[in-house]
Structure formats: C-alpha cells, structure tokens
A.B. asks: 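Quick one: this structure, given as structure tokens, is what I'll be asking you about.
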4 protein chains.
Amino acid sequence: MFELDVRSRKPIYEQLVEKLKQLIITNVLKEDEKLPSVRELAQQLTINPNTIQKAYRELESQGYIYSLKGKGSFVHPVKPSENEEELNKVREELRKLFAEAIYLGMTSKEIESLLREVERGQEND
Amino acid sequence: MFELDVRSRKPIYEQLVEKLKQLIITNVLKEDEKLPSVRELAQQLTINPNTIQKAYRELESQGYIYSLKGKGSFVHPVKPSENEEELNKVREELRKLFAEAIYLGMTSKEIESLLREVERGQEND
Amino acid sequence: MFELDVRSRKPIYEQLVEKLKQLIITNVLKEDEKLPSVRELAQQLTINPNTIQKAYRELESQGYIYSLKGKGSFVHPVKPSENEEELNKVREELRKLFAEAIYLGMTSKEIESLLREVERGQEND
Amino acid sequence: MFELDVRSRKPIYEQLVEKLKQLIITNVLKEDEKLPSVRELAQQLTINPNTIQKAYRELESQGYIYSLKGKGSFVHPVKPSENEEELNKVREELRKLFAEAIYLGMTSKEIESLLREVERGQEND
DNA sequence: GTGGTCTAGACCACA
DNA sequence: GTGGTCTAGACCACC
C-alpha cells in the first residue's frame, strides 16, 4: 500500500498519519471507504498495532476519518464549512513556507508552477 | 522579542529555531547582525542557556547563523547556490501543503494572493 | 570498545564522533547494525549520557547513523551520491596533508604504499 | 598577505597557524626569512595582537619557526631527522583520511592524481 | 528500555 | 563577556 521510512527522525505514527492523509486528499481513498483494519495494516507493515491505532486516533481527531465500533474506520466526507480551523493552520503554514522559499531564492513563478502541477494531479477526483 | 509555548509538544529549542529563522527570513535580523547572546536571551525568556545554545547550534548547522567563541552569534549572509538541499525540502513541503489546501477548499486564486501578500511583506530588504 | 582521553584539548564528544566514524568507515560496524545505547556506552566509558548523545546527534546530522526513539541508534547505509559536500572537505584536507607530508620528507612512494595498506585493510567488507 | 574567515568555527589563531604553515611548506616563506612582526600583522589583519602571538607560539612549539628576542620570528630550516614525531602524526592522519575518502567513494586513482597535483605545485622550491 | 528534552550549575577557551 | 563543554539528575515520547 505504501512505504514507511524507519530511518526517519519522524515517529512512525506521524508518518502513517501523513501518508493516509495523502491518500484521502488525492482521492485514492474515497468518501466513506473503509480503511484497512488495525491488525491487518499492522501485519502488512510489520509494525506494532498500537502504533497504527495511535495514527488512526490522530486522523479521527483531525476530522479525516471516523470510526464505528466493531466495524472499522472510514474516510470522512469533506465538509468545507467545518474546517475553518484547519484552513487557518494551513494558511499560516503557507505563509511561512512562502517566506522561506523566497528567501532561498525561489521565484513566485516557480512556486506558482508547482501549484499548477499539484492542481493537475488532483483533478482526477 | 517573541513568545514561546513551554507546554507545546514541540520542543522549546525547535520553537526557537523556527522563530529565529522567521526573523532572519523576513529580514528583521539583517546579514551579519548580532543575535542576542545565549545568556541574555536565556534570561529574557527565563529559559536555560543550554536550551538556547542548542537552538543556536541547530541554526548554525542549517546555515542560518554563525557563532564566534568570544564574540557572539551572527546572521549568516545568504548563499542561494549552496542551499539546493534545503530547497528540495521546501519544494516537497509546498507540494504537500498545496494538496491539503486544495482538499480543504482553497482555490488557487486564494493561494496565489497569499503568495503575493508574503512577497510584498518581504520586499523591505 | 575504545579509549578516550578526557584530558585532551579535543572535546570528548568529538573524540567519540571520530572513533565511531572510524568503526563505521572500516566496516567494523556494518550497515544497519545497532550501536550501543546511549546509557550503556555512558556507563561503559564512565561518561555522562548527555555527552554520548551529543556525539550521536552529530553523527546523525553528518549522515553516518540514524536514531529511532524507542529503538536505538544504527549505522546509516552509505549513499555515495549524496556526500559530494563531505567529499570536497576530504579532498581539501588531503591536499593540505600531502603538502605537509612532502615538506616533512615523505616521498610519493611512501604515501602511495600507505594508501595501498589502508585499501587492503578495507577490503574485508 | 592572506585571508582569514572570521565566520569559521575554527579559532582565528588556529587558522593563522595553518595559513603560515602553508606559506612555509610551499616555500613562499624561505628558510630563515623573517616573519612579519606581531604588531604589524595584527594591524594588517585587524586582529588582536594576543591572537597573533598565540599563533606564533604554537608554530614555534611545532618547530616551524624560531624567535629571537628583540629581533622577531624566523622560518626554521627543515631538519627531516628531527621530525619523526610530526611525521608519525601525519602518517596517522593520512591513514584516517584515506579510509574516509575510500568510504565516501573515491578511488585510489583519484587520490593518487590529487597527490601528483600537489607534488607538481610544490616543485618550485 | 530507548532516544530526546530540559534544568541547574560548573568550568574552559577565545578575543 | 562570549560561546562551548560537561555533569548530575529529572521527566517525556515512542515502541
């Protein structure tokens, strides 16, 4: 399904959160689709189930998935209206990153072409 | 000078690194300008000097400042050519953030206007 | 495992970095092999754990090892392509040393035979 | 005469020692030639005279120069026989550097061509 | 148990 | 006075 970098400084559960977010964002995992069960994924990735659970809990609290007892975890349909808080975080992060990119010498043209690139990749939703 | 959240999950020294980076990137701290001394800043923020030093050391190894033993720490002049590695990290982070922003409902117009805003703020170099 | 000179002008953690680098370079410590834990080594060498950690952190940022929070520190597999910067440092140091060696009376024959010697010792990978 | 990097982590007096060694090794400063006086050099480099003195003391103890009270400091003629101690240091450093260079992917061919290059540069003694 | 962070406090090297 | 090193000892996050 995807790869984790055990050598990274980033904790495994955080990597998991990010990867799963990516899959949801890029619509590989569709709305209300079931995620693999904790045990299943743990076995696949040869990782401690506790670590998987921690990732799922994090995703749930960030509003990306929802869990039904005894049934599993599912992709949360997007409700743009509810995500104002998340959006503000993203906006703030964008500001920081833009400043850094410019400082390191990137032009706004380059940044915008990167944006287009991502946009195109995301169209197949 | 700025605020730190001692309760945050993010280590204090990392918060410091980020804040100081911001000040350098936004040209509040100019090239070769002296940063506050380790002890001075420690006292100001009521934080242990070792913690400050850890932050300064990190900034040094990332190429943002340089430290001289009997003299102090100073802002390192930018050498855009040398930062290809850093740039790749930034590009990767931009990709992720763009995807997330779009997923949360931001339009490319909004993102671009945010970019312009940052750009204008950075002009006073 | 090895000896440190606590009286030396060279900081203990730098001595540690050098010694461990040697062990990695000469393949005594193989790829992905676990290094002794911070506490363990600290006890063995009767040195403060913080000092060991400082050394490990330095090795990590130089790309020689990687550390996993609940697991330990491990030898980083070599990626020759990524170390161009390190290589340039080594080349510069070689130039200086060659000049000094010749000045002190060594012939290029002697130097080359030293090189062969090291080469042979490194073959047992 | 030469440049010092005030931004370097290396103490200024050590940089001075190295640079002066280079000048002696490459025969730019000939045997028994007078070095610039402490004051003179201090003024030229806009550096504290104490720092210069420390460098000169270091060079003297390493056998590269000798000082005559009231007259100044002079380049020490080479006596290969006396430098066995220095030579052993150099040999040891060469071993380490060779190992590192090979580890980072340099071939013995490259190393040898570097040696030739230095050799040629040193011929004009 | 492992690495990582932080504090308090001491001492050294450099300029 | 400045950065740099080191210790002793505490507590946290991760697995």
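These values consider heavy atoms only, across backbone and side chains, with no hydrogens, waters or symmetry-generated copies. Below, chains carry the letters A, B, ... as their sequence lines are ordered, and counting in each starts from 1.
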A.B. asks: Going by salt bridge (Lys or Arg N to Asp or Glu O under 4.0 Å), name the residues that satisfy it together with A:R9, two or more places apart in sequence or in a different chain.
C.D. replies: C:E60
A.B. asks: Salt bridge check: are D:K89 and D:E92 linked by an N-O gap of less than 4.0 Å?
C.D. replies: no
A.B. asks: Please identify each residue that fulfils ring pair (Phe, Tyr, Trp, His ring centres under 6.0 Å) with D:Y13, with sequence neighbours left out.
C.D. replies: none
A.B. asks: Can you check whether A:V38's main-chain N or O pairs, donor with acceptor, with A:Q53's side chain at less than 3.5 Å?
C.D. replies: no
A.B. asks: Over all strands shown, is B:R39 touching base, sugar-phosphate only, or nothing at heavy-atom distances under 4.0 angstrom?
C.D. replies: base
A.B. asks: Identify the 5'-most and 3'-most nucleotides of DNA chain F with at least one atom closer than 4.0 Å to a non-hydrogen atom of chain A.
C.D. replies: F:dC14 to F:dC15
A.B. asks: For the pair made of NZ in B:K34 and P in E:dA15, what is the distance, rounded to whole Å?
C.D. replies: 16 Å
A.B. asks: In terms of the nearest nucleotide of DNA chain E, which residue is placed more toward the 5' end: D:E14 or C:G70?
C.D. replies: C:G70
A.B. asks: Would you call A:Y64 and A:S73 a side-chain contact if the rule is heavy atoms closer than 4.5 Å?
C.D. replies: no
A.B. asks: Considering only heavy atoms, which members of residues 46-59 of chain D lie under 4.0 Å from some atom of DNA chain E?
C.D. replies: D:T51, D:K54
A.B. asks: Sequence neighbours left out, what passes side-chain hydrogen bond (donor to acceptor under 3.5 Å, both in side chains) with D:K96? Give chain and number order.
C.D. replies: C:E18
A.B. asks: Is it true that a side-chain atom of D:E86 and a backbone atom of D:Q62 form a donor plus acceptor pair closer than 3.5 Å?
C.D. replies: no
A.B. asks: For DNA chain F, what string of dots and brackets results from 5' to 3' when Watson-Crick and G-U pairs need both distances under 3.5 Å, crossing pairs get [ ], and pairs with another strand get |?
C.D. replies: ||||||||||||||.
A.B. asks: Check C:V90 against D:A101 and note the closest heavy-atom contact, atom names and distance.
C.D. replies: CG1-CB, 3.8 Å
A.B. asks: Any non-hydrogen side-chain atom of C:E100 less than 4.5 Å from a side-chain atom of D:E93?
C.D. replies: no
A.B. asks: Taking for each residue the nucleotide of DNA chain F bearing the nearest heavy atom, is the 5' side occupied by A:K10 or by B:L35?
C.D. replies: B:L35
A.B. asks: C:Y66 vs C:F74 aromatic rings, parallel, tilted or perpendicular, using cut-offs 30° and 60°?
C.D. replies: parallel
A.B. asks: Whether the side chain of B:E58 engages the backbone of B:E14 through a donor-acceptor N/O pair (distance < 3.5 Å, no angle test) should be reported.
C.D. replies: no
A.B. asks: Want to settle it: does B:K71 or C:L68 sit nearer the 5' end of DNA chain E, counting the closest nucleotide to each?
C.D. replies: C:L68
